[in-house]
2 protein chains.
Amino acid sequence: MEFKESKEKFIQSWGVLGSSWGINKTMAQIHALLLITPEVLSTEEIMEELKISRGNANMNIRALMDWGIVTKSFKAGERKDFFFADKDIWEVARKITKERSKREIEPVIKILNELKNVKGNDAHINQFRETVNELEAFTSKLNSIVDKFSKADEHWFYKKLLKLVK
Amino acid sequence: MEFKESKEKFIQSWGVLGSSWGINKTMAQIHALLLITPEVLSTEEIMEELKISRGNANMNIRALMDWGIVTKSFKAGERKDFFFADKDIWEVARKITKERSKREIEPVIKILNELKNVKGNDAHINQFRETVNELEAFTSKLNSIVDKFSKADEHWFYKKLLKLVK
DNA sequence: CTGAACTTTCAGTAATTATTGAAAGTTTAT
DNA sequence: ATAAACTTTCAATAATTACTGAAAGTTCAG
């Protein structure tokens, strides 16, 4: 396969994967492009490569910076901004995990904890309470694993996981 | 908080969580409703409770059955279908994990493996190859953990995880 | 068979989410 | 201070995705 074709396929696939995990397509594609590019890229270059508008590029680059997986950089004598992606996949996974836990899992745990306190004692309320309790326990456990993961240094966790998988 | 209010909040929250993880809102809400309902429900009852149309209810119930987390049931002397959700959260998580791995992760691994073979040797191609290799390695490892998880019996894995989190 | 009870499908529509592009804002060299 | 170079914002629009409801399909008791 030609490089150009491979590159397009890679960017395309990463976009699809992103969409199915609640990350928008363009954001995932910009990230993919930066991941495979050895040097830094300007907004213009990203726009051109992905055939997207300035506004779209700007917003999604910013989102990637908010997630902490893309960084702004400067070139001597140049006025515009350049960007590059953290190439360490482990680190990227950690940051994404942490961010999604914070944005999506923690608020749900909070709500589940509130809902535990519902009063009453017919079959419906009992089933409700049981489900909420189980979900809360499960989600909290999951979240604490995720948290451990997002704080661990690569080696510690990696070794543990490998052992787990054997 | 009143039961009715709690119930609505729960269904609502589960819908939001679903959306941000690529599961459609209604599907998540139907699942939430079935989870907290001790007895089986008919399509009509689900429609009524969630204020959704017959078509929508039908399609999403079917999707839940495809995922293996909702089951059709029959009542003696009644002609219509009734449904209930598997209440074992662990089991539900396993099934969802397995299904998403199959639908979303495995195809990506396949593509990454194809892309490993790109020929050439300038800086761009080298970076491309390196990124693709790392992503493939990472994703495969992740997937094998997920696979282990989806096959393990509750106890084995649970114990290991607990040790991990300590 | 027939038709009532029920389920499924799907074209049309609504709701949501993403994208554009031009205008406003900011920064910096002169 | 000015204006060129660049970035950000956001209202309008496009694209995508979800939902409705009526019609077609299926099943089964009589």
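In what follows, every chain begins at residue 1, and chains take the letters A, B, ... in the order their sequences are listed.
- Remark: P of C/dA29 and CD of A/Glu78 are 13 Å apart, rounded to the nearest angstrom.
- Distance alone, capped at 3.5 Å, is enough to place a donor-acceptor pair between the B/Lys95 side chain and the B/Gly68 backbone.
- Going from atom CD1 of A/Ile23 over to atom P of C/dA18 covers 12 Å, rounded to whole Å.
- If you measure from atom CD1 of A/Ile52 to atom P of C/dG21, you get 12 Å, rounded to the nearest angstrom.
- B/His124 places a side-chain heavy atom less than 4.5 Å from the side chain of A/Phe3.
- For B/Arg79 and C/dA5, the CZ to P distance is 8 Å, given to the nearest whole Å.
- Remark: the B/Glu136 side chain and the B/Ser140 side chain contain an N/O donor-acceptor pair separated by less than 3.5 Å.
- For B/Phe82 and C/dC6, the CZ to C1' distance is 11 Å, given to the nearest whole Å.
- Inspection of the A/Asn143 and A/Asp147 side chains reveals no N or O donor paired with an N or O acceptor under 3.5 Å.
- Rounded to whole Å, atom P of C/dT20 lies 11 Å from atom CE of A/Met59.
- Here the range on DNA chain D touched by chain A, meaning any atom under 4.0 Å from one of its heavy atoms, is D/dA4 to D/dC10.
- Looking only at distances, no side-chain donor or acceptor of B/Lys98 sits under 3.5 Å from a matching main-chain atom of B/Phe149.
- Remark: the A/Trp14 side chain and the A/Gln29 side chain contain no N/O donor-acceptor pair separated by less than 3.5 Å.
- At a threshold of 4.5 Å between non-hydrogen side-chain atoms, the residues A/Asp81 and A/Phe74 count as touching.
- Consecutive pairing runs in DNA chain D reach the stem threshold at C:1-30 with D:1-30, where a stem means at least three Watson-Crick or G-U wobble pairs with distances under 3.5 Å.
- Among the protein residues, A/Arg54 comes within range of the nucleic acid bases, having at least one heavy atom under 4.0 Å from a base atom.
- A straight line from CZ of A/Arg62 to C1' of C/dT19 spans 15 Å, rounded to a whole angstrom.
- A side-chain donor-acceptor contact under 3.5 Å links A/Arg129 to the backbone of A/Val118.
- In this structure, A/Glu44 and A/Lys25 both approach DNA chain D, and ranking their closest nucleotides by distance from the 5' end singles out A/Glu44.
- Taking atom CG on A/Asp81 and atom P on C/dT28, their separation rounds to 10 Å, with Å as the unit.
- Contacts of A/Asn24 with the nucleic acid, taken as non-hydrogen atoms under 4.0 Å apart, involve only primed sugar atoms and P, OP1 or OP2.
- When only modelled atom types and interatomic distance are considered, A/Thr131 and A/Glu134 share no side-chain donor-acceptor pair under 3.5 Å.
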